[in-house]
Structure formats: structure tokens, C-alpha cells
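Shown next, in C-alpha cells, is the structure this report addresses.
Just so it is clear, the model here is predicted, and its values are computed rather than measured. In what follows, every heavy atom counts, from backbone to side chain, and hydrogens, waters and symmetry copies are set aside.
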Amino acid sequence: QVQLVESGGGLVQAGGSLRLSCAASGRTFSSYAMGWFRQAPGKEREFVAAISRSAGNTAYTDSVKGRFTSSRDNAKNTVYLQMNSLKPEDTAIYYCAAYRAGSSSYVPMRAPDFHSWGQGTQVTVSS
């Protein structure tokens, strides 16, 4: 199992930007597709973005398309979520998750598919 630690959350005004990072332990990071999920108070955890092992494929939920970008650096065992044009409705705890993928191009999007989860980082967007 890979261990995940998120960082980069914080308080930002609407229209601002944040970059979340998720550092993974172990030497097999490139074997994992990575995902980002978020959970707002009183709401269920929802899919935000995901990136394949090779970084060749990405997927985003409709509400963040054009504003968020997921990337990864396999040499640094880190996945990133660049969040631009933030809105108050983006306020949530953001989690990264890892899926051990057989295919280098597969992009998982369902929470139950992911094997490991980080502890989360709070993102608060003020209006």
C-alpha cells in the first residue's frame, strides 16, 4: 500500500488559485493512477479529477473543467492539483487517492476503486 500526504490547502478569495500536492511513499508510485476527491460539509465525497499512471490521460468533473489541472511527477512521487478561478462552492476537504492500475492509460473515477487515501487538506474559498 502506498502512503499519501496532501498539502497546499488554505484560505483564498474567490478567483484565486491554489496548488495542492500529494506526496506518495514507496518506489512504485508510477504503478498507480491517482485521483482527487473532495467533501464539503454535509455532502458526500465527490470525484474531482484523476490522472493515469503515465500522465497521458486525465479526467475532471464538469464543475472544475477548465479551472483545475491535475499533473504528476513520477520522479518525485508527487501528484498535483492546480486550482484556478476558485469559487466558494469549491470549499471542501480535498483528498488524494491511489489506484494500482494495470494499464498505463486507465483513469479511475469511482471512489471504491481507489486503494489508498490521504488524510485530506482543507480548501476554503471566501466570497
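Checked options Val64, Val125, Thr124; the residue passing with Leu86 is Val125 (criterion: side-chain contact (heavy atoms from CB on, under 4.5 Å)).
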Can you give me every donor-acceptor pair (side chain of residues 10-25, partner residue at least two apart or in another chain, under 3.5 Å) with its distance?
| from | atom 1 | to | atom 2 | distance (Å) |
| --- | --- | --- | --- | --- |
| Ser17 | OG | Asn84 | OD1 | 2.9 |
| Ser25 | OG | Gln3 | N | 3.0 |

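Between the side chain of Asn57 and the main chain of Val107, no donor-acceptor pair closer than 3.5 Å is present. With Asn74 contributing its side chain and Ser54 its backbone, the two residues share no donor-acceptor pair below 3.5 Å. Counting only distance, with no hydrogens or angles, the side chain of Gln82 and the backbone of Phe68 share no donor-acceptor pair below 3.5 Å. The closest donor-acceptor contact from the side chain of Gln39 to the backbone of Glu44 lies at 3.5 Å or more, if one exists at all. Distance alone, capped at 3.5 Å, places no donor-acceptor pair between the Thr91 side chain and the Glu89 backbone. The main-chain N or O of Ala101 is found under 3.5 Å from a side-chain atom of Arg53 such that the two form a donor-acceptor pair.
The distance from the CH2 atom of Trp36 to the CD atom of Glu46 is 14.5 Å, given to the nearest 0.5 Å. We find the OG-CG distance between Ser116 and Leu4 to be 6.0 Å, quoted to the nearest 0.5 Å. Taken from OG1 in Thr121 to CG in Leu81, the straight-line distance is 11.0 Å, to the nearest 0.5 Å. Atoms CZ and OG, on Arg100 and Ser31 in that order, are 4.5 Å from each other to the nearest 0.5 Å. Of the inter-residue distances, the one linking Met83 atom CE with Ser70 atom OG reads 11.5 Å to the nearest 0.5 angstrom.
By the 4.0 Å N-to-carboxylate-O rule, Asp90 lies too far from Lys87 to be salt-bridged with it.
Taking 4.5 Å as the limit, every side-chain heavy atom of Tyr99 sits out of range of all side-chain heavy atoms of Met34. A heavy-atom distance below 4.5 Å is found between the side chains of Gln1 and His115. Residues Tyr106 and Asp113 are in side-chain contact: their nearest non-hydrogen atoms beyond the backbone lie under 4.5 Å apart.
Geometric assessment of Arg72 against the ring of Tyr80 yields a negative cation-pi assignment under the 6.0 Å and 45° thresholds.
One hydrophobic cluster, built from ILVMFWY side chains closer than 4.5 Å, cannot hold both Ile93 and Val48; they sit in different ones. Hydrophobic cluster membership differs between Ile51 and Tyr95, with clusters built from Ile, Leu, Val, Met, Phe, Trp and Tyr side chains linked at under 4.5 angstrom.
Tyr60 pairs by the ring pair (Phe, Tyr, Trp, His ring centres under 6.0 Å) definition with nothing, not counting sequence neighbours. Judged as a ring pair (Phe, Tyr, Trp, His ring centres under 6.0 Å), and not counting sequence neighbours, the contacts of Phe37 are Phe47, Phe114, Trp117.
Across every non-hydrogen atom of Ala92 and Tyr94, the tightest pair is O-CD1, 3.4 Å.
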